[in-house]
> 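After the structure tokens below, expect a handful of questions from me.
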Amino acid sequence: MARLALGRWAALSIAVVLVASGCSGQGDDADALADALADVTSDADTGDATVEHDTQDLPDTQDDALDADATDGAPDLDADETELGDARPPAEDLGLPPEPPALTCDLTVGTEGDVQTTVQEALVLVPEGGVVCLEAGTYVFRRQLDIAVDAITLRGAGQADTILDFKKSENGGNGIRISSDRVTIRDLTVRDPPGDGVRADEVVGLTFWRVSAIWDTVDTSDNGAYGLYPVLCKDVLIRECFAEGAKDAGIYLGQSQQALLIGNEVRGNIMGFEIENSVDVDVRENHIHDNTVGILITHLPDRPFNQSARTKLHHNLIESNNLPNFGTQVGISHVPSGLGVGIVGSDANEVHDNIVRDHGFSGLAILMGSTTIFGPFNTDEYEGWPHDNYVHDNTWVDNGTDPPDDASTMWMMNYLGLQEPLATLLVDSCAQPDAAAAGQGPNCFEEPSLSDYVDAQLCGSGEQVTGELSALTCEGTALPAVVPARARAGAR
Amino acid sequence: MRASPLAQARATAQRRRGRGLVVRSGLAVALLCALGAGACDEGDPAPATGGSFDLLSEWGFFRGDLADLRPVSGVLLVEPAAPLWSDGAVKSRYISVPRGSHVGLRDREEWDFPDGSVVVKNFGFLLDEREPQGPRRLVETRLLVREAGVWKPLVYMWNEDQSDAVKKVAGAEVIIDRVDASGQPIAQPYLVPNLAQCASCHERSDVSRLLGVTTPQLNRTVTRQGRQLNQLDWLAAQGIFGDAEVLPESWERFEDPYGDGPLQARARSWLHANCAHCHEPGGDAGSTGLVLTAWEPEGSRRLGLCKRPAASGNGAGGLEFDIVPGDPDASIMPYRIGSTVPDVRMPELLNLIPDPRAVELVRGWIAAMEPGGCEP
């Protein structure tokens, strides 16, 4: 049951595109969309036996996770599907291909023999622009895999079918490490790496499509830090991926530009998503649930790329992010359990048309990037006042109702001087004293369903007050959709 | 693969006995060269300047028994001041520049090598760590070959009888049976890199470069033909710099990390050689904001002083700052250098065993710093 429901969710973003481009019927609900999708993808069948078309086919890993979850009394995802319909974006042609392109395998590797050698050898010997295919099966690695050839694709037989297991890895912190440009990873699962799942450093042109990064044991400090980890990258597409169990962020985007994160599911991580020191990012149609925090958009000090702005967060289902914080590192341990969306020190982001529900601490918090949160830094090189953010037209249900009894939440409430009752929206009310002169505008809220917010007055009297949201109501700047070149039809 | 030390030594001895004459005539040529009697070039065909041969021997870098690593003329020994730690491997390094070509010398990094140049690095282990001059087993030889202005990597793994080394693409784990410094027999695992890993260290902002062959690394006194002289002067005398001016006195030089120089200079030199190829802008760990080059100013936060780590994996070990001046126990840096856990250990790639002397060196450097400064 859960399997089917999630399949529809994963299919949703694609289906929306198809509807918009007139390829299918005008299905109004998730079922119709999913059906439409199935029709269209079979029409698109090129007859290439190596191509997969079944987007309904969900990874067992996700499936298992959801089954386990059901016993924990987590929400029934089938029920969510109806409401997801409400969170669906207006029909909009982003030019996204419905399926990864059909590719001929230049090199094919199976599980027999010494896979450490055969897989790595293929990744070295594949010509520029080539495709390495991994057959279905579980591959057990003792060391990190490295990709250094430009424009290659590493392709499995499906998230449920091709499992890259790094539990016994003894060298290299990552599962897969990418250092070349224009690389695609698709249709596989990276399991239990000692450090990060798939890491890409300074890559221009990067696609993760239907990739899972998971740690089998959820909420333990033995897990690695990041599931999918592009840093200092440009032109990034992360699509229909799944991340679970990261002791920092399931899907992380750091110091990067021009990225589209669409149709992913993240759960069981400390942060579902973290968008850190990045600009021009589109985060849409994701299911972000049961993490400590749903998504953090942050500007951190002491990073070579010293900007954080223009993340468009929209049409996501963000729910029940109340997981106890299982991080050990200072900084990450300050990430408060029970928060849906956090904007810390970041500017000119747009948060709209999301469903945000069931968060004990707060639905959305906008906070200053401070030395208390991050530790000491050089203030000459860091501007941590969040400004020009625009929050509008979201659906808010049951947020700020019951702060989790977790050290991380206690720490944040203590830092902000907060007491119950809390509310859906939280601001620390810190702004640069000469904000207008510095060209900084206010944070604007247009949320008709909400009447008030909690103001910590951290930079003022320090006394917590409940403010009327009308005082913060203004029309901010809407952001255009971000469609990196990677995402367009024909790109891979 | 596994080679018992005893079988190894026996095989080498047998080979040597069989080639007694060759060795002696080789010695005679070397002696003539050393005496300045000329005839050095004539004896050796020039080594290859490109290709991707299956065997190391096909390159022609060494004469006689390959495992003796006796370079042909024009293949020049280079000895950096601060070597990269490689799980305790003993290493030797050579550069080969096409005859008639010259290297553009720079006062710091990025010497301009002509196409056809090759940098050769041999990795081996002493069969008994207590006998530095004793028999050793060669494990791998890595090449960087200059092709169309880019350094192209190749890795050769030595065979069991040490007669040659075979090209290897995907890396390997080798078990080396040897005796450690305390006299205990050990089966030491050693990792040979895969070719995709070479760029992790040898690329900066997508440009391939050399790490040990730089001015400050080579600007030191070495012994050649029994004579002590500055290494850059010696290289210049071999003609590889053309008529470029060589100014060792006014150029930077790295301290031997375990020599008798000032503690700070020794620590910075070790950090540069072992960490800065990733931890610098454009390096593989550029995103961390940690900059460990020898030229990063002392006291800089980018050097790690009171700097919180950029990422919050297990690497930090629950500690808050990369370096807490005066307090090595509270500092992440020595913790990671000293670890054997895959996602904690630094450097991240290949090494399995920490360098105990390095851990002590870095701890000592941090302990000697003026305490304080890590709170807002």
Side-chain angles (χ1 to χ4, degrees), chain A residues 114 116-125 142-149 169-174 177 179-181 193-196 201-202 221-226 229 231-232 247-248 252 254-255 270 300-305 327-333 371-372 374-378, chain B residues 153 155 168-173 189 191 193-200 203-206 278 281-291 300-302 306-321 332 340-346 348-352 373-376:
Chain A
D114 171 13
Q116 186 75 49
T117 298
T118 54
V119 175
Q120 185 60 62
E121 210 160 65
L123 293 175
V124 171
L125 296 178
R142 300 181 311 278
R143 300 189 290 281
Q144 166 180 303
L145 294 171
D146 298 275
I147 292 177
V149 181
S169 184
E170 52 201 26
N171 194 258
N174 312 287
R177 176 73 179 264
S179 60
S180 48
D181 293 334
D196 308 319
D201 278 71
E202 290 193 66
S221 59
D222 287 339
N223 289 354
Y226 304 94
Y229 189 145
V231 62
L232 283 168
K247 70 175 246 181
D248 192 313
Y252 169 92
Q255 305 183 60
I270 292 184
L300 265 65
D302 299 327
R303 298 292 187 279
F305 189 81
T328 48
Q329 185 58 30
V330 177
I332 195 75
S333 61
T371 54
T372 314
F374 299 136
F377 49 82
N378 185 346
Chain B
V155 174
K168 187 84 184 169
V169 165
E173 179 173 344
L191 297 177
N194 73 63
L195 290 184
Q197 290 177 317
C198 302
S200 316
E203 274 191 8
R204 179 170 53 202
S205 300
D206 284 347
C278 288
D284 229 26
S287 63
T288 62
L290 187 65
V291 179
S300 160
R301 185 183 303 286
R302 299 207 306 179
C306 302
K307 180 186 176 305
R308 289 189 198 242
S312 58
N314 297 322
L319 303 172
E320 202 166 343
F321 301 104
I332 294 169
T340 58
V341 178
D343 55 327
V344 176
R345 180 176 45 241
M346 281 287 150
E348 193 173 40
L349 286 184
L350 297 175
N351 278 332
L352 297 169
C374 286
E375 293 308 322

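All values below come from the heavy atoms of this structure, side chains included, with hydrogens, waters and symmetry mates left out. In this text, all values refer to a predicted model and were calculated from it rather than measured experimentally. In what follows, every chain begins at residue 1, and chains take the letters A, B, ... in the order their sequences are listed.
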> Do B/Leu349 and A/Arg177 pass the side-chain contact (heavy atoms from CB on, under 4.5 Å) test, and can you show the C-alpha distance, the side-chain angles, and the key distance before you say yes or no?
CA-CA 11 Å; B/Leu349 286 184; A/Arg177 176 73 179 264; over 6 Å; no
> Given heavy-atom pairs under 4.5 angstrom as the criterion, report whether the side chain, backbone, both or neither of B/Arg345 touches chain A.
side chain
> Given the options A/Glu202, A/Gln144, A/Arg142, which has more heavy-atom pairs under 4.5 Å with chain B than any of the others?
A/Glu202
> Minimum heavy-atom separation for B/Lys307 to A/Asp302, with atom names?
CE-O, 4.4 Å
> Contact part of A/Tyr252 toward chain B, heavy-atom cut-off under 4.5 Å: side chain, backbone, both or neither?
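Looking at A/Tyr252, nothing touches chain B.
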> Of the listed residues (B/Pro342, B/Ser287, B/Gly286, B/Pro189), which shares the most heavy-atom pairs with chain A below a 4.5 Å separation?
B/Ser287
> When only pairs under 4.5 Å are counted, which of A/Leu300, A/Leu145, A/Asp146 shares the most heavy-atom pairs with chain B?
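Counting heavy-atom pairs under 4.5 Å, the top option is A/Asp146.
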> B/Leu191 versus chain A, heavy atoms under 4.5 Å apart: side chain, backbone, both or neither?
side chain
> Measuring heavy-atom distances to chain B, does A/Gln255 have an atom under 4.5 Å in its side chain, in its backbone, in both, or in neither?
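Looking at A/Gln255, just its side chain touches chain B.
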> If I measure from the heavy atoms of chain B, does A/Leu123 come under 4.5 Å with its side chain, its backbone, both, or neither?
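For A/Leu123, no heavy atom lies under 4.5 Å from chain B.
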> Which atoms of A/Ser169 come close to chain B, meaning under 4.5 Å heavy atom to heavy atom: side chain ones, backbone ones, both, or neither?
backbone
> Please report the interatomic distance CD1(A/Ile147) to CD(B/Gln197), rounded to the nearest 0.5 Å.
12.5 Å
> Starting at CD of A/Gln116, measure out to CD of B/Glu173 and round the result to the nearest 0.5 Å.
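Taking CD in A/Gln116 and CD in B/Glu173, the distance rounds to 9.0 Å.
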> Given a strict heavy-atom distance threshold of 4.5 Å, which part of A/Asp181 is in contact with chain B: side chain, backbone, both, or neither?
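For A/Asp181, the side chain is the part near chain B, not the backbone.
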> Look at B/Ala196, B/Cys198, B/Ser200 and state which one has the largest set of heavy-atom pairs under 4.5 Å with chain A.
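Most pairs with chain A among the choices: B/Ala196.
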> Please state whether the side chain, the backbone, both or neither of B/Thr340 comes within less than 4.5 Å of a heavy atom of chain A.
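Neither part; nothing is under 4.5 Å.
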> With chain A, which of B/Asp206, B/Val169, B/Asn194 has the greatest number of heavy-atom pairs at distances under 4.5 Å?
B/Asn194
